[in-house]
Participant: 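Here's a structure for you.
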Number of protein chains: 2
Amino acid sequence: MSQLPQQPAGISVPTSADVARLAGVSRATVSYVLNNNATVRISEPTRRRVREAAAGLGYVPHAAARSLRAGHTRTVLLPAAQAPAVPLYQRFLTRLESDLRRLDYTVVQYGSIGLEPDEAARAWAELRPVAVVSPGATALTPYGIGVLTRSGAKAVITLGPQPVDGAHAFVMDQREVGGCAVRHLLSRGRRRIGVVVPREPDLALFAEPRLAGAVRAAEDSAAPALIQPLPLRYDEESAEDLAARWRTLGLDAVFTYDDEYAMLLMRALQDTGVEVPAETAVIGADDLMLGRLLRPRLSSVTIELATAQPPAEIIDRLVRSPGGAPERHYLLRAAAVARDSS
Amino acid sequence: MSQLPQQPAGISVPTSADVARLAGVSRATVSYVLNNNATVRISEPTRRRVREAAAGLGYVPHAAARSLRAGHTRTVLLPAAQAPAVPLYQRFLTRLESDLRRLDYTVVQYGSIGLEPDEAARAWAELRPVAVVSPGATALTPYGIGVLTRSGAKAVITLGPQPVDGAHAFVMDQREVGGCAVRHLLSRGRRRIGVVVPREPDLALFAEPRLAGAVRAAEDSAAPALIQPLPLRYDEESAEDLAARWRTLGLDAVFTYDDEYAMLLMRALQDTGVEVPAETAVIGADDLMLGRLLRPRLSSVTIELATAQPPAEIIDRLVRSPGGAPERHYLLRAAAVARDSS
DNA sequence: TTGAAAGCGGTACCAC
DNA sequence: GTGGTACCGCTTTCAA
């Protein structure tokens with residue numbers, strides 16, 4: 001097992017001055033060469049000497065010093081989501097991240113779990129990000145937005161179910177998911193519709209808007225329809241409880257929040273002898289593979305996160321021309337996928 | 001819709017000098033007060049004036065300037081994983097993050113997707129992190145480790161299936177998962193065991209060690225046993241193909257990589273008329289809820305990530321006393337859970 | 001074509 | 001108790 005290469009106590013990390021000394025030039029020249037500064041002509045031999053010295057020393061510029069001097073950063077701060085790892089959302093962030101890098105931003109996810117919103121905003125502001133994309137409606141207050149903009153952030157953007165006043169917003173309006181599901185069930189002639197509301201607190205941010213959208217769709221419907229919220233924990237016992245009193249509820253359909261809850265509830269209903277879809281239609285959301293593997297095959301709501309312009313380009317534009325009115329970009333597209341369970 | 005609070009062009013972000021001016025004190029005093037420096041006595045009225053001035057201006061210290069002066073950061077860099085969002089792993093990171101914050105580190109996830117390993121290491125080094133915890137075995141080369149330590153990182157730690165020479169390691173040895181599964185199947189008297197190998201390239205990092213562990217367990221067994229790798233894409237067509245030629249394979253058991261692949265394959269087998277577990281035993285991994293909802297209930301391998309000492313404390317210790325021999329911390333505990341499918 | 005020097009914001013030593 | 005000031009590493013004018 002090899003020895004860990006340790007930073008010898010006396011030898012400190014190489015700076016551009018060290019590179020300059022080794023190459024026999026000034027620090028200015030080092031900077032010109034390593035940044036390929038076009039406004040100044042440096043001879044080819046000098047460039048080579050500088051490059052070799054830098055490589056030889058393992059020189060890496062000091063980002064903090066650079067941005068201190070520059071007076072600004074190209075850091076886009078993405079406060080790490082405490083939200084459950086929804087694959088859809090992961091894909092969105094991964095894409096955003098690589099697109100931003102392509103636009104020469106440095107993407108930094110900063111964990112702020114357990115910090116108060118305003119405390120978190122101050123911690124973020126210390127990094128002087130040029131833009132902040134903040135998931136979760138709770139984490140950004142008007143005060144926080146003020147702190148960030150005063151600290152030089154050109155764009156403060158929320159990412160969540162609701163816009164926040166005074167900031168730009170990528171809006172993922174989860175109500176649309178509930179709306180889609182209920183409209184689908186109504187179109188199938190169902191009128192007494194249960195809506196599963198996960199008891200897991202983490203999911204409230206998604207669950208409540210989905211329920212609200214369901215209620216709204218029922219109200220907007222021509223035929224009179226009833227929506228019955230159904231609290232449910234993600235465990236078998238809770239599902240069995242609900243299934244046991246299912247017939248007393250008198251429902252002819254259920255929107256199960258997502259496909260995983262659908263699987264949980266459908267199993268419990270089937271074990272109790274409730275026929276799906278004959279007696280009760282079931283629709284989930286997220287259109288996971290598992291829905292296609294269930295019997296009957298699970299109807300679902302597909303969800304896509306998409307904007308006309310890529311989000312990274314929107315951010316870049318907001319950074320370059322700050323100060324406009326808050327923009328709202330609606331990301332979420334939902335559509336019912338009818339299979340055999342509804 | 002309110003106007004976005006914009007940074008007026010002329011007014012720049014407040015510095016400690018602005019606070020000093022407003023409070024009628026020196027910058028030194030501002031620093032003393034805001035950092036609660038105990039080595040120096042400042043009168044209470046002065047403290048209050050400084051605090052009020054800072055609050056009034058919305059002053060937030062500049063992290064880059066501070067760490068430039070200090071000569072070091074308390075940044076722990078977590079290069080964002082390109083790995084698939086395994087819930088187990090998410091929980092590990094979330095925990096690590098909040099524990100590190102409690103130890104007063106700033107946790108930064110830096111997206112490096114699409115960068116070459118050495119290029120990525122240089123980009124990380126620019127931030128002068130005091131520690132780097134790098135997921136994915138590929139992303140850290142000896143050169144990269146050198147760049148990071150020379151740039152002042154006190155601890156460079158890999159997080160993945162294999163240690164990397166010259167760095168500390170949190171080892172998640174996925175072979176143990178395959179080993180557990182196969183030993184379980186052997187104990188059930190099965191001898192001709194298929195092992196699903198997902199074709200998704202992202203999963204190779206996990207899939208290959210799981211297969212290797214399965215092979216190893218079969219070799220170590222007293223009874224002669226056969227391991228048959230079974231490439232499978234995560235879609236129904238691929239599963240149907242495999243199921244269609246199942247009987248020609250002559251297998252009496254299958255370890256399906258994880259519970260989701262188990263569900264996919266079990267459905268295809270059942271649709272083809274293969275009896276589970278009578279004709280073929282099935283075991284998955286991850287012990288997801290969905291396994292309990294399948295019929296027959298799915299046997300699985302539970303996986304836990306745990307160390308005697310919390311990982312955050314290990315990192316803290318390595319940072320405080322750097323230079324020891326590379327440490328290996330084995331995180332993964334696996335155990336078979338027998339249900340009805342095996 | 002290259003170098004000297006100022007200054008970004010904050011901290012901490014040393015005087016007063 | 002408080003203030004003056006040097007300095008962290010880097011970029012960028014201005015001079016030579």
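Computed from heavy atoms alone, side chains included, the values below leave out hydrogens, waters and symmetry copies. This one's a predicted model, so the numbers in the text were calculated from it and none came from an experiment. Within every chain, numbering begins at 1; the chains are lettered A, B, ... in the order of the sequence lines, protein sequences first and strands thereafter.
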Participant: Are Asp316(A) and Arg320(A) close enough for a salt bridge, meaning some N to O gap below 4.0 Å?
Facilitator: yes

Participant: Verify the contact: side-chain N or O of Ser26(B) to OP1 or OP2 of dT2(D), cut-off strictly under 4.0 Å; return yes or no.
Facilitator: no

Participant: Keeping the roles fixed (side chain from Ser321(A), backbone from Leu318(A)), state whether a donor-acceptor pair exists under 3.5 Å.
Facilitator: no

Participant: Could you tell me whether the phosphate oxygens of dT2(C), OP1 or OP2, come under 4.0 Å of any side-chain nitrogen or oxygen in Thr29(A)?
Facilitator: no

Participant: If I take atom CG in residue Leu68(A) and atom C1' in nucleotide dG9(C), what distance separates them, rounded to the nearest angstrom?
Facilitator: 5 Å

Participant: Parallel, tilted or perpendicular for Phe170(A) and His329(A), by the 30°/60° rule?
Facilitator: tilted

Participant: Can a donor-acceptor pair be found, under 3.5 Å and without considering hydrogens, that links the side chain of Arg49(A) to the backbone of Ala23(A)?
Facilitator: yes

Participant: So, does Asn35(A) get its side chain near the phosphate of dT11(D), meaning an N or O under 4.0 Å from OP1 or OP2?
Facilitator: yes

Participant: Applying a 4.0 Å non-hydrogen cut-off, can you work out what Ser31(A) is touching in the nucleic acid: base, sugar-phosphate, or nothing?
Facilitator: base

Participant: Name the pairs: protein N/O against N/O of nucleotides 13-16 of chain C, kept only if under 3.5 Å.
Facilitator:
from	atom 1	to	atom 2	distance (Å)
dC13(C)	N4	Tyr32(B)	OH	2.3

Participant: Mind running side chain to side chain contact (heavy atoms under 4.5 Å, CB included) on Met172(B) and Tyr89(B) for me, showing each step along the way?
Facilitator: CA-CA 10 Å; Met172(B) 306 187 302; Tyr89(B) 186 66; 4.0 Å; yes

Participant: Residues of residues 41-67 of chain A with any non-hydrogen atom less than 4.0 angstrom from an atom of DNA chain D: list those, numerically ordered, please.
Facilitator: Tyr59(A), Pro61(A), His62(A), Ala65(A), Arg66(A)

Participant: Please pick, from dG10(C), dA12(C), dA6(C), the nucleotide with the shortest atom-to-atom distance to any side-chain atom of Asn37(B).
Facilitator: dA12(C)

Participant: Rounding to an integer number of Å, can you tell me how far Arg69(A) CZ sits from dC7(D) C1'?
Facilitator: 16 Å

Participant: To the nearest angstrom, how far is Asp18(B) atom CG from dG9(C) atom P?
Facilitator: 9 Å

